[in-house]
*Asks:* 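Encoded as structure tokens, here's the structure I'll be asking about.
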Amino acid sequence: MKAPRHGPGPATDQDKAAPEPDILLHASVYGELRRRFITGQIVPGVSLSTRRLATELGVSQTPVREALSRLAAERAVDIRSKRKVGIPPMTSQRFDDLLRCRLLLEPESAALALPAMSRARLAQLKTIDSAINDALAAGDVDAYMRGNFDFHFTLYRTHNFETLNQLIEILWLQFGPYMRVVYGRVGTAKLVDQHAIALDAIIRGDEAGLRQAISGDIADGMGLIGRSGLEPDRPATN
């Protein structure tokens with residue numbers, strides 16, 4: 001049996017590979033806040049308190065502040081001071097910008113997933129879509145939002161183009177807080193089930209049909225917001 005190493009001594013390769021506890025904590029806090037943004041659990045119009053978030057997560061304010069700084073770099077939050085952290089306003093210009101980027105990137109990611117699609121992954125997508133329908137029937141907005149995210153990213157992550165999906169996640173981060181507004185209207189909206197159309201296109205190996213279904217899903221969902229209620233665009237400053 002190998003004798004235990006006493007004292008600080010030189011670091012072994014195993015020691016070097018092990019992540020520091022603080023790094024793991026900060027990554028965990030960032031991951032949790034990121035998830036809340038993407039699934040719309042953090043909503044517009046509410047000031048974010050680092051103290052309250054730290055209490056909810058059971059951590060100090062330091063990793064929360066660091067996570068919010070990272071989210072600010074991804075344009076998910078607007079930090080004006082230590083006590084003024086909020087969601088950036090959704091102007092019509094920003095809305096159009098996010099919509100255009102989603103329509104450019106997400107159908108492409110779905111198309112790249114098609115050649116790598118397995119029976120197991122297709123079955124997983126069908127299960128997620130069934131759960132979405134159940135959530136919609138029950139009026140469970142939170143479950144609906146989680147399911148919608150799971151459906152899209154289970155599809156996109158079928159391929160190995162990680163940078164593409166990271167870019168898409170940043171778009172979801174920026175729009176996520178407004179998704180609750182969208183999904184709150186889904187229950188009364190008569191929309192085409194684009195997920196079912198996407199699944200049918202996958203089964204048939206129809207790339208054009210899959211692209212069209214994902215584009216339609218994005219346009220339908222974001223279209224529920226419309227242009228009404230968006231904040232006016234700010235004039236450009238030099």
*Asks:* Is it the case that the side chain of R211 and the backbone of E106 share a donor-acceptor pair, with hydrogens and angles ignored and the cut-off at 3.5 Å?
*Replies:* no
*Asks:* Return the CG to CD1 distance between L155 and I202, rounded to the nearest 0.5 Å.
*Replies:*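 Answer for the CG-CD1 pair, L155 versus I202, is 5.0 Å.
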*Asks:* Just do the salt bridge (Lys or Arg N to Asp or Glu O under 4.0 Å) check on D78 and R80 with the steps written out, would you?
*Replies:* CA-CA 6 Å; D78 186 9; R80 298 180 182 177; 3.3 Å; yes
*Asks:* Give, for atom CG of D97 and atom OG1 of T91, the distance between the pair rounded to the nearest 0.5 Å.
*Replies:*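 Going from the CG atom of D97 to the OG1 atom of T91 covers 9.0 Å.
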*Asks:* Would a 4.5 Å heavy-atom cut-off, applied to side chains only, mark L114 and H159 as touching?
*Replies:* no
*Asks:* One pair to check against side-chain contact (heavy atoms from CB on, under 4.5 Å): M145 and I38. What are the steps and the verdict?
*Replies:* CA-CA 9 Å; M145 293 169 66; I38 286 177; over 6 Å; no
*Asks:* Side-chain contact test, heavy atoms from C-beta onward, threshold under 4.5 Å: evaluate it for Q174 versus M90 and give yes or no.
*Replies:*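 SC-SC contact between Q174 and M90 ruled out.
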*Asks:* Answer yes or no: is there a side-chain heavy-atom contact under 4.5 Å between D142 and T39?
*Replies:*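 D142 does not reach T39 side chain to side chain.
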*Asks:* Are side-chain heavy atoms of I203 and K126 found at a separation under 4.5 Å?
*Replies:* yes
*Asks:* Using the rule given for side-chain contact (heavy atoms from CB on, under 4.5 Å), can you reason through I197 versus D193, listing the C-alpha separation, both sets of side-chain angles and the distance that settles it, and then say yes or no?
*Replies:* CA-CA 7 Å; I197 296 175; D193 188 347; 5.9 Å; no
*Asks:* Supply the atom-to-atom distance R51 CZ to E56 CD, rounded to the nearest 0.5 angstrom.
*Replies:* 14.0 Å
*Asks:* Assess the residue pair V192 and D217 against the criterion (side-chain contact (heavy atoms from CB on, under 4.5 Å)); give the C-alpha distance rounded to whole Å, side-chain angles, the decisive distance to 0.1 Å, and a yes or no.
*Replies:* CA-CA 8 Å; V192 176; D217 190 48; over 6 Å; no
*Asks:* Would you say the side chain of I168 lies within less than 4.5 Å of the side chain of R102, judging by non-hydrogen atoms?
*Replies:*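 No, every pair of side-chain atoms sits at 4.5 Å or beyond.
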*Asks:* Check whether any side-chain heavy atom of I214 sits under 4.5 Å from a side-chain heavy atom of L103, and report yes or no.
*Replies:* no
*Asks:* Does any non-hydrogen side-chain atom of P44 lie less than 4.5 Å from one of Y178?
*Replies:* yes
*Asks:* Under a 4.5 Å cut-off applied to non-hydrogen side-chain atoms, are R75 and I170 in contact?
*Replies:* no
*Asks:* Between F175 and L99, is a side-chain contact (heavy atoms from CB on, under 4.5 Å) present by the stated rule, with each step listed?
*Replies:* CA-CA 9 Å; F175 189 70; L99 176 57; over 6 Å; no
*Asks:* If you measure from CD on E74 to OG on S69, what distance do you get to the nearest 0.5 Å?
*Replies:*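 Output value for this atom pair is 11.5 Å.
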*Asks:* Which atoms form the tightest heavy-atom contact between N148 and I132, and what is the distance?
*Replies:*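 Between these two residues, the closest heavy atoms are N-CD1, 3.8 Å.
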*Asks:* Looking at R34 and E169, does any basic side-chain N land under 4.0 Å from a carboxylate oxygen?
*Replies:*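 A salt bridge links R34 with E169.
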*Asks:* Nearest 0.5 Å, what's the CG-CG distance between L112 and L210?
*Replies:*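 L112 CG to L210 CG: 10.5 Å, rounded to 0.5 Å.
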*Asks:* Is the count of non-hydrogen atoms from other residues, nucleotides or ligands lying under 6.0 Å from Q212 atom CD greater than 12?
*Replies:* no
*Asks:* Side chains of N133 and H195: donor-acceptor distance under 3.5 Å anywhere?
*Replies:*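 No donor-acceptor contact under 3.5 Å links the two side chains.
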*Asks:* Under 3.5 Å, is there a donor on one side chain and an acceptor on the other for R121 and T158?
*Replies:*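 Note: R121 and T158 side chains meet the donor-acceptor criterion.
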*Asks:* Determine yes or no for a side-chain-to-main-chain donor-acceptor pair under 3.5 angstrom, with S109 supplying the side chain and L105 the backbone.
*Replies:*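 Flag not set: sc S109 to bb L105 has no pair under 3.5 Å.
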*Asks:* Quickly, which of F149, F37, Y156 forms a ring-ring contact (aromatic ring centres under 6.0 Å, His included) with W172? Name it, please.
*Replies:* F149
*Asks:* One pair to check against salt bridge (Lys or Arg N to Asp or Glu O under 4.0 Å): R204 and D200. What are the steps and the verdict?
*Replies:* CA-CA 6 Å; R204 292 184 287 106; D200 183 62; 2.9 Å; yes
*Asks:* Give, for atom CZ of R36 and atom CG of L48, the distance between the pair rounded to the nearest 0.5 Å.
*Replies:*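 If I round to the nearest 0.5 Å, the distance is 10.5 Å.
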*Asks:* Given 3.5 Å as the limit, does a donor-acceptor pair link the side chain of T127 with the main chain of A123, or not?
*Replies:* yes
